[in-house]
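Reading through the structure tokens given below for one structure.
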Amino acid sequence: GAGVSQSPSNKVTEKGKDVELRCDPISGHTALYWYRQSLGQGLEFLIYFQGNSAPDKSGLPSDRFSAERTGGSVSTLTIQRTQQEDSAVYLCASSMRRGGTTDTQYFGPGTRLTVL
Amino acid sequence: AQSVSQHNHHVILSEAASLELGCNYSYGGTVNLFWYVQYPGQHLQLLLKYFSGDPLVKGIKGFEAEFIKSKFSFNLRKPSVQWSDTAEYFCAVNTGTASKLTFGTGTRLQVTL
């Protein structure tokens with residue numbers, strides 16, 4: 001079946017602009033994660049949605065970052081007033097069970113964000 | 001908070017050589033351990049995972065990993081690598097209570113013909 005999809009695949013923006021990144025998880029997966037992959041920091045957790053519970057936002061680097069998940073499916077990661085250090089590949093992952101720590105997380109292809 | 005160390009940043013091997021990539025984690029409680037692989041131009045995919053039972057786990061494409069609790073290690077092995085194993089390999093851990101993954105910095109494996 002279809003995997004995790006993300007759009008856009010590439011985004012170039014100017015410093016100070018807002019951007020929205022979209023993630024469509026695998027159908028039926030109830031858990032959704034956002035990670036960031038950057039040269040200096042490797043792969044870092046950003047935020048986690050689990051069903052109708054309050055999201056775990058512990059990885060968001062600043063209040064310029066926010067995310068929502070509508071209808072338990074599609075998620076949008078928003079970065080306001082982008083800075084050059086926000087340049088990275090933003091990865092989305094989903095897994096089947098709510099809060100299943102042993103579940104496999106399936107990753108999307110990522111959105112490469114470049115802030116000029 | 002947990003952390004993961006991958007000491008080999010770049011490994012170059014000839015085809016048919018044996019592979020061992022190191023992974024050490026720091027966390028005193030229950031952990032689940034994962035190895036993910038990212039082939040050139042592709043997205044991250046799971047190679048194998050350990051959460052309980054036999055500490056020697058086998059994954060796809062002939063890879064295996066051994067969990068040694070006393071050493072806080074989960075090293076990845078393959079007896080004979082192929083050119084197609086050229087990729088970046090990431091070790092990751094989560095705890096028994098939180099499913100978010102903490103990743104190591106990755107090891108770039110280059111297999112030469």
Side-chain angles (χ1 to χ4, degrees), chain A residues 2-7 9-10 23-26 29-51 53-61 67 88-112, chain B residues 1-10 23-25 27 29-55 57 59-60 63 65 67 74 87-108:
Chain A
V4 176
S5 60
Q6 293 185 244
S7 60
S9 54
N10 279 285
C23 172
D24 283 89
I26 293 172
H29 281 194
T30 55
L32 187 147
Y33 308 77
W34 283 96
Y35 295 88
R36 178 169 72 173
Q37 187 174 21
S38 56
L39 279 176
Q41 302 295 326
L43 265 160
E44 309 168 274
F45 165 78
L46 295 177
I47 188 169
Y48 160 51
F49 294 91
Q50 173 194 318
S53 302
D56 175 355
K57 303 180 182 180
S58 60
L60 293 179
V89 177
Y90 289 82
L91 296 172
C92 178
S94 69
S95 66
M96 191 172 298
R97 286 188 299 159
R98 295 171 63 171
T101 60
T102 63
D103 289 347
T104 298
Q105 294 181 26
Y106 295 87
F107 284 80
T111 293
R112 181 175 298 276
Chain B
Q2 65 268 28
S3 65
V4 179
S5 297
Q6 291 182 246
H7 304 294
N8 312 106
H9 298 296
H10 189 192
C23 172
N24 288 90
Y25 66 92
Y27 184 72
T30 301
V31 292
N32 302 304
L33 297 149
F34 306 78
W35 274 98
Y36 278 83
V37 61
Q38 189 168 28
Y39 297 103
Q42 297 187 26
H43 50 264
L44 275 168
Q45 58 184 282
L46 183 73
L47 266 181
L48 47 78
K49 63 182 178 182
Y50 170 81
F51 51 93
S52 66
D54 188 344
V57 292
I60 60 171
F63 286 90
F67 170 53
F74 190 55
E88 190 151 16
Y89 293 80
F90 294 91
C91 182
V93 61
N94 65 20
T95 70
T97 55
S99 55
K100 60 188 178 185
L101 293 171
T102 298
F103 284 88
T105 50
T107 296
R108 186 173 301 277

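Quick note on labels: first sequence line is chain A, next is B, and so on, each numbered from 1. As the structure is a computational prediction, the values presented were derived from the model and not from experiment.
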* **Contacting region of A/Ile47 [heavy-atom separation from chain B under 4.5 Å]** => neither
* More than 12 non-hydrogen atoms from neighbouring residues, nucleotides or ligands closer than 6.0 Å to CG on A/Leu39, yes or no? -> no
* Closest-packed option against chain A by number of heavy-atom pairs under 4.5 Å, given B/Asn32, B/Thr102, B/Leu101, B/Leu33 -> B/Leu101
* Structure fact -> Cut-off 4.5 Å, heavy atoms of chain A, and the answer for B/Ser52 is neither
* To do: With rounding to the nearest 0.5 Å, note down the distance linking OG1 in A/Thr104 to CG in B/Leu48.
  => 10.0 Å
* Asked: Roughly how far apart are A/Gln37 CD and B/Phe103 CZ, rounded to 0.5 Å?
  -> 8.5 Å
* Provide the closest heavy-atom pair for A/Ser58 versus B/Lys100 in the form atom of the first, atom of the second, distance. => OG-NZ, 2.8 Å
* To do: Answer with side chain, backbone, both or neither: which region of B/Tyr36 has an atom nearer than 4.5 Å to a non-hydrogen atom of chain A?
  => side chain
* **Contact class of B/Leu46 relative to chain A, heavy atoms under 4.5 angstrom** => side chain
* **Residue pair B/His43 / A/Gln6, side-chain heavy-atom distance below 4.5 Å** => no
* To do: Kindly indicate, with the supporting measurements, whether the criterion side chain to side chain contact (heavy atoms under 4.5 Å, CB included) is fulfilled by B/Leu44 and A/Tyr35.
  => CA-CA 12 Å; B/Leu44 275 168; A/Tyr35 295 88; over 6 Å; no
* Contact winner vs chain B - A/Ala93, A/Gly42, A/Pro109, A/Gly59, heavy-atom pairs under 4.5 Å -> A/Pro109
* Roughly how far apart are B/Gln38 CD and A/Leu43 CG, rounded to 0.5 Å? -> 7.5 Å
* Quick one: what part of B/Lys49 sits under 4.5 Å from any heavy atom of chain A, side chain, backbone, both or neither? -> side chain
* Please look at B/Gln42 and chain A and tell me whether the side chain, the backbone, both or neither of the residue comes under 4.5 angstrom of a heavy atom of that chain. => neither
* Taking atom OH of A/Tyr106 as the centre, report whether more than 12 heavy atoms of other residues, nucleotides or ligands fall under 6.0 Å from it. => no
* Quick one: what part of A/Glu44 sits under 4.5 Å from any heavy atom of chain B, side chain, backbone, both or neither? -> neither
